[in-house]
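To start, the structure itself, in structure tokens.
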Number of protein chains: 2
Amino acid sequence: MPDRDRRAALDAAIELTYFGYRGFVAMPDRLLGERGLGRAHHRILFFVARLDRPTVGEIQRTLAVTKQALAGPLRDLKRQGLVAWTSDERDARVRRLSLTRPGRALEARLSALQRRHYAAIFAAGTPGDEAGWRAVMRRLAAGELAASGRDPP
Amino acid sequence: MPDRDRRAALDAAIELTYFGYRGFVAMPDRLLGERGLGRAHHRILFFVARLDRPTVGEIQRTLAVTKQALAGPLRDLKRQGLVAWTSDERDARVRRLSLTRPGRALEARLSALQRRHYAAIFAAGTPGDEAGWRAVMRRLAAGELAASGRDPP
DNA sequence: CAGAATAGGTCAATCTCCCTGACCTATTCT
DNA sequence: AGAATAGGTCAGGGAGATTGACCTATTCTG
């Protein structure tokens, strides 16, 4: 393949990343907008749901934001009764976050939109497509995962 | 595979999308920051470079933003001498955008970072990985591409 | 040819989301 | 006792996007 074709193929990959991300967030954004919440709230809900009673600091490191950037959306979620926090048994300074029943319900609805989206996309291709996609995405995410201290999914 | 494993695999796909996107924008963001530019400017540079003398309206539809949201960054780019505009020959209302020499140089540097990133990632896997990744991303991007009036890459 | 439609620019107010910096409490470690 | 850690909060600011209104040029149409 001539260089210019390979270059065009790599440009297409950049473009796919951009439009793909937009496609990924479009549906949850609509649902969130109805409740006066944003993407920041969704990210918190998602990782609180996945991380098994994470501390505030764990969420902060995972999202790579400052505690001030976290405090606002987190306060919204507490006020709406979607997130609960309890003091850690061993270290009373540490707050462990969890989802309330309505919090779980909303998180489930939001993430279900994205899971179904991916389920449909993977089902429309071959198993190799999904495996290849995951292999590429793992490499793309590698640096950020390491910086966040997450286990590679 | 039990349902809960498939669900966890789909959750992992969501997580990969989030961290993957962060990995994708990390390097250009650093370079842009040094010049007082942001991601919005990069998106404009990228699509002006790829779209062959696009009009302002074409860029606006491609990025799915309002003309006011476009005007600010576009003015910055004009003032820094990175983007030039000329009136269309046939319709004098229409402005066609193009990159100046320094604009092409900056765009090339920024996009080269992302092209090399993808080139390294694709080279580290099998050709099937790349093909699978593209197949999945095309489906993920499909709705947004259609809404933007772009040809699927 | 008059009037509507289109392409684009601009001003203003507002919003989300994130940032830095400073300061505070409570708790635990040394 | 004093330092370090986890977390919360206030102040100020900036980037990027929104809606709404209004403006100029230019082209299309009845």
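Under the Watson-Crick or G-U wobble criterion, with both distances below 3.5 Å, dT28(C) is paired with dA3(D). Nucleotide dG12(D) forms a pair with dC19(C), judged by Watson-Crick or G-U wobble geometry with both contacts under 3.5 Å. Pair assignment for dG30(D) gives dC1(C), based on Watson-Crick or G-U wobble hydrogen-bonding distances that are each under 3.5 Å.
Of the candidates dC17(C), dT27(C), dT19(D), dT19(D) carries the atom nearest the Thr66(B) side chain, counting heavy atoms from C-beta on. Checking dA17(D), dT9(D), dG9(C) against every side-chain atom of Arg75(A), the shortest atom distance belongs to dT9(D). For Arg95(B), the listed nucleotide lying nearest its side chain is dG9(C); candidates were dG9(C), dA7(C), dT10(C). For Ala92(A), whose side chain is taken as the heavy atoms from C-beta onward, the closest listed nucleotide among dT28(C), dC17(C), dG9(C) is dT28(C). Of the candidates dC17(C), dA6(D), dG8(C), dC17(C) carries the atom nearest the Arg43(A) side chain, counting heavy atoms from C-beta on. The listed nucleotides are dA21(D), dC19(C), dC17(C); the one nearest the side chain of Gln68(B) is dA21(D). The listed nucleotides are dG8(D), dA7(C), dG9(C); the one nearest the side chain of Val56(B) is dG9(C). In the set dC18(C), dT18(D), dG7(D), the nucleotide with an atom closest to the side chain of Val65(A) is dC18(C). Which of dC18(C), dG8(D), dG16(D) sits closest to the side chain of Ala40(A) comes down to dC18(C).
Exactly one residue among Glu107(B), Arg109(B), Gln114(B), Arg115(B) makes a side-chain hydrogen bond (donor to acceptor under 3.5 Å, both in side chains) with Ser111(B). That residue is Glu107(B).
Contact annotation for Arg96(B): no contact, since no heavy-atom pair falls under 4.0 Å across all strands. Among the atoms of the strands shown, only primed sugar atoms or phosphate atoms (P, OP1, OP2) are found under 4.0 Å from some heavy atom of Arg90(A).
Rounded to whole Å, atom C1' of dG16(D) lies 12 Å from atom CZ of Arg39(A). Atom-to-atom, CG of Leu97(A) to C1' of dA6(D) comes out at 12 Å; the value is rounded to the nearest Å. The separation between Leu74(B) atom CG and dA15(D) atom C1' is 16 Å, rounded to whole Å. In this structure, Trp85(A) atom CH2 and dA6(D) atom C1' are separated by 15 Å, rounded to whole Å. Arg61(A) places its CZ atom 8 Å from the P atom of dG7(D), with the value rounded to the nearest Å. Per the geometry, CG belonging to Asp76(A) stands 9 Å off P belonging to dT16(C), to the nearest Å. Rounded to a whole Å, the CG atom of Leu70(B) is 10 Å from the P atom of dT18(D). Remark: P of dC18(C) and CD1 of Ile44(A) are 8 Å apart, rounded to the nearest angstrom.
For the 3.5 Å distance criterion, the side chains of Arg22(A) and Ser148(B) qualify, holding a donor opposite an acceptor. Counted by atom type alone, Thr62(A) and Arg43(A) present zero donor-acceptor pairs between their side chains at under 3.5 Å.
Between Asp29(B) and Arg39(B) the shortest side-chain heavy-atom distance falls below 4.5 Å. Arg6(A) has its side chain within reach of Phe122(B): a pair of non-hydrogen atoms, C-beta onward, lies under 4.5 Å apart.
Contact annotation: Lys78(A) reaches the phosphate of dG8(D) (side-chain N/O to OP1 or OP2, under 4.0 Å).
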Checklist entry - Between Arg150(B) and Phe47(B), does a side-chain contact (heavy atoms from CB on, under 4.5 Å) hold up when you go through it step by step? => result CA-CA 11 Å; Arg150(B) 298 276 298 135; Phe47(B) 282 108; 4.2 Å; yes
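Comparing Ala71(A) and Arg93(A) along DNA chain D, the residue whose closest nucleotide (by nearest heavy atom) sits nearer the 5' end is Arg93(A).
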